[in-house]
Engineer: 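Could you have a look at this structure, given as structure tokens, before my questions?
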Amino acid sequence: MNTKTSGAIPNGTATLTYGNKRVELPAFKATEGPDVLDIRKLYGDADVFTYDPGFTSTASCESNITYIDGDLGVLLYRGYPIDQLAQHSHFLEVCYLLLNGELPAPKEMESFESTITYHTMVHEQITQLFRAFRRDAHPMAVMVGVVGALSAFYHDSTDITDQRQRKIASHRMIAKMPTIAAMAYKYSLGQPFVYPLNHLGYTENFMRMCFAVPCEEYKVNPVLAKALDTIFILHADHEQNASTSTVRLAGSSGANPFACIAAGIACLWGPAHGGANEAALKMLQEIGTVDRVPEYVKKAKDKSDPFRLMGFGHRVYKNYDPRAKVMRDQTYAVLDELGKHDDPLLKTALELERIALQDDYFIEKKLYPNIDFYSGITLKALGFPTDMFTALFALARTVGWVAQWQEMIEDPQQKIGRPRQIYTGPHRRDYIAAEKRG
Ligand code: CMC
């Protein structure tokens with residue numbers, strides 16, 4: 001796999017003066033976006049750390065996979081704009097692109113597709129793991145557990161120093177994630193697991209594993225399959241977001257690859273990250289009708305109220321999220337296909353978007369709809385319950401996690417991640433015997 005970083009180009013230096021120390025910081029040129037100042041020697045030369053909670057100004061790695069221009073609302077996978085990929089490509093081709101750096105030739109695609117298909121089944125003992133969970137367990141809780149448990153099954157693909165084993169582990173994760181997500185769903189319903197059918201495409205197969213039952217034939221609707229495949233493309237990677245950084249950090253210690261992906265799933269679960277699609281839909285349901293929208297916009301602006309408009313705002317996008325635009329078109333396509341043009345959730349969403357985009361608070365803070373604003377409505381219309389939404393995000397993001405994990409392992413600059421801190425606790429003090437306290 002061609003995932004090696006090529007090395008950023010030197011671009012002068014910056015000088016930092018602190019106390020009586022003067023430090024030269026080398027600068028490096030990015031292909032797109034801001035250059036970086038290399039502060040690796042800062043502590044050694046000036047005896048200070050930098051302080052950047054939430055990494056708002058810190059590049060944690062060099063990467064050549066995904067680029068986001070948050071001000072312009074641009075997202076590129078290996079240089080290709082997300083809207084072009086959503087329109088012309090399909091999820092497995094995007095997986096190949098993210099993993100290998102280039103779009104596949106037809107023969108390469110054929111071979112990749114058959115490799116992924118070959119790995120779709122999970123070890124039969126894994127089915128027993130599901131049964132250890134309560135039926136009402138959140139699918140993400142099940143996913144964290146089961147994906148982590150893959151590390152106990154596939155020992156022939158866990159030597160991370162072996163390029164071939166890394167490749168097999170990557171293919172296994174991409175192939176098995178739909179099977180595991182569908183099993184989590186089936187288990188929650190109390191329905192039998194549906195095994196993969198390899199003559200179906202990746203997304204069609206997943207839909208069948210979710211919605212088929214042994215007593216009835218299930219026919220995949222191509223419009224709905226296209227919408228879900230697009231959702232997978234839109235979620236496939238998003239540079240150094242929280243879950244991807246978690247995967248890289250876990251992997252930086254040389255941990256088992258399946259366990260690293262489980263760590264990414266755990267991080268994705270939070271409502272400020274992957275859980276936002278579920279939260280956005282719940283919010284639209286709570287608002288309920290168009291006339292209540294102004295009341296909720298007011299709540300979102302009230303600093304004494306913790307309520308935020310879910311599906312609005314983004315750490316990086318200070319413009320319309322380019323994924324949200326594609327998502328909105330797919331929402332219309334699905335609701336049209338299902339004859340649900342008058343969906344009250346869509347009406348509420350459109351009104352909320354209209355009012356918020358005219359409001360000074362949202363304009364000044366550059367808060368625009370993000371992908372999660374529309375994905376929830378679409379996933380609900382496709383038949384998924386809200387607590388499956390983040391599991392679907394995890395399924396799609398797996399390829400991004402895997403590509404970034406591989407890139408990290410192959411990066412000659414790679415070191416175990418070990419952030420520093422500014423310590424503000426007590427000075428050194430002596431232990432006080434229990435009877436002398438209080
Ligand atoms: N509703 C109301 N106010 C908001 C919102 C919102 N959704 N988002 C940000 N703000 C305000 C926030 O109160 C703050 O105001 P002030 O400067 O007066 O204190 C300002 O905007 C900046 O917000 P922040 O929390 O400092 O920005 P951040 O970059 O740390 O947070 C975010 C980004 C996505 C966590 C946040 O916008 C948010 O909580 N949005 C709702 C949750 C959501 O939709 N998340 C999905 C993100 S997209 C999926 C993904 O890529 O994972």
Side-chain angles (χ1 to χ4, degrees), residues 52-58 65-71 73-77 82 140 231-247 264-284 286-287 293-328 349 352-353 355-379 386 389-401 404:
D52 185 15
F55 299 105
T56 52
S57 295
T58 299
I65 301 175
T66 294
Y67 173 68
I68 302 171
D69 186 324
D71 293 325
V74 168
L75 169 62
L76 310 176
Y77 292 165
I82 192 67
M140 286 298 274
I231 290 177
F232 290 166
I233 293 174
L234 298 179
H235 286 89
D237 195 42
H238 215 222
E239 51 122 299
Q240 308 311 319
N241 57 83
S243 58
T244 301
S245 300
T246 301
V247 171
I265 295 174
C267 179
L268 184 73
W269 193 358
H273 192 6
N277 50 16
E278 187 175 338
L281 187 80
K282 282 183 177 153
M283 176 193 73
L284 291 173
E286 188 185 314
I287 299 174
V293 167
E295 179 195 329
Y296 279 82
V297 171
K298 201 168 155 215
K299 259 166 81 67
K301 295 192 303 185
D302 181 356
K303 283 284 155 219
S304 59
D305 189 329
F307 175 77
R308 282 184 170 200
L309 285 191
M310 298 315 285
F312 254 80
H314 199 273
R315 169 61 61 81
V316 181
Y317 294 118
K318 302 303 168 197
N319 201 325
Y320 210 100
D321 178 344
R323 303 168 302 171
K325 281 192 188 133
V326 178
M327 198 60 255
R328 193 168 55 177
L352 189 57
E353 181 183 341
I355 294 189
L357 291 183
Q358 289 174 357
D359 191 294
D360 285 347
Y361 174 94
F362 292 89
I363 294 169
E364 275 162 24
K365 295 187 191 304
K366 298 186 176 164
L367 299 170
Y368 293 85
N370 60 51
I371 184 169
D372 294 318
F373 193 65
Y374 286 104
S375 63
I377 304 173
T378 318
L379 291 173
T386 43
F389 291 2
T390 319
L392 295 175
F393 189 163
L395 183 172
R397 182 55 59 83
T398 296
V399 63
W401 290 331
Q404 302 262 357

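Indexing begins at 1, ligand by ligand and atom by atom, following the structure's order. Computed from a prediction, not measured in an experiment: that's the story for all the values here.
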Engineer: How far does CD1 of Ile265 sit from OG1 of Thr398, to the nearest 0.5 angstrom?
Structural biologist: 6.0 Å
Engineer: Can you tell if the side chain of Ile65 reaches within under 4.5 Å of the side chain of Glu239, non-hydrogen atoms only?
Structural biologist: no
Engineer: Which pair of heavy atoms, one from Phe307 and one from Tyr296, lies closest together, and at what distance?
Structural biologist: CE2-O, 3.4 Å
Engineer: Could you check Phe393 against His238 for ring pair (Phe, Tyr, Trp, His ring centres under 6.0 Å), going step by step and ending with a plain yes or no?
Structural biologist: CA-CA 12 Å; Phe393 189 163; His238 215 222; 8.7 Å; no
Engineer: Evaluate side-chain contact (heavy atoms from CB on, under 4.5 Å) for Glu286 paired with Met310, printing each intermediate quantity in order.
Structural biologist: CA-CA 12 Å; Glu286 188 185 314; Met310 298 315 285; over 6 Å; no
Engineer: Write 'none' if nothing qualifies; otherwise put on separate lines each N/O atom of ligand 1 with a protein N/O atom under 3.5 Å away and their distance to 0.1 Å.
Structural biologist:
from, atom 1, to, atom 2, distance (Å)
ligand 1, 1 (N), Leu309, N, 3.1
ligand 1, 3 (N), Tyr361, OH, 2.9
ligand 1, 7 (N), Leu309, O, 2.7
ligand 1, 7 (N), Phe312, O, 2.9
ligand 1, 13 (O), Lys303, NZ, 3.0
ligand 1, 13 (O), Arg308, NH2, 3.3
ligand 1, 15 (O), Lys303, NZ, 3.2
ligand 1, 18 (O), Lys303, NZ, 3.1
ligand 1, 18 (O), Lys365, NZ, 2.8
ligand 1, 25 (O), Arg308, NH1, 3.0
ligand 1, 25 (O), Arg308, NH2, 2.9
ligand 1, 29 (O), Arg315, NE, 2.7
ligand 1, 30 (O), Arg315, NH2, 2.9
ligand 1, 39 (O), Arg308, NH1, 2.8
ligand 1, 40 (N), Phe312, O, 3.0
ligand 1, 44 (O), Gly311, N, 2.8
ligand 1, 44 (O), Asn370, ND2, 2.9
ligand 1, 51 (O), His314, NE2, 3.3
ligand 1, 52 (O), His273, ND1, 2.7

Engineer: Grab the two heavy atoms, one from Asp237 and one from Gly400, that are nearest each other, plus how far apart they are.
Structural biologist: OD1-CA, 3.3 Å
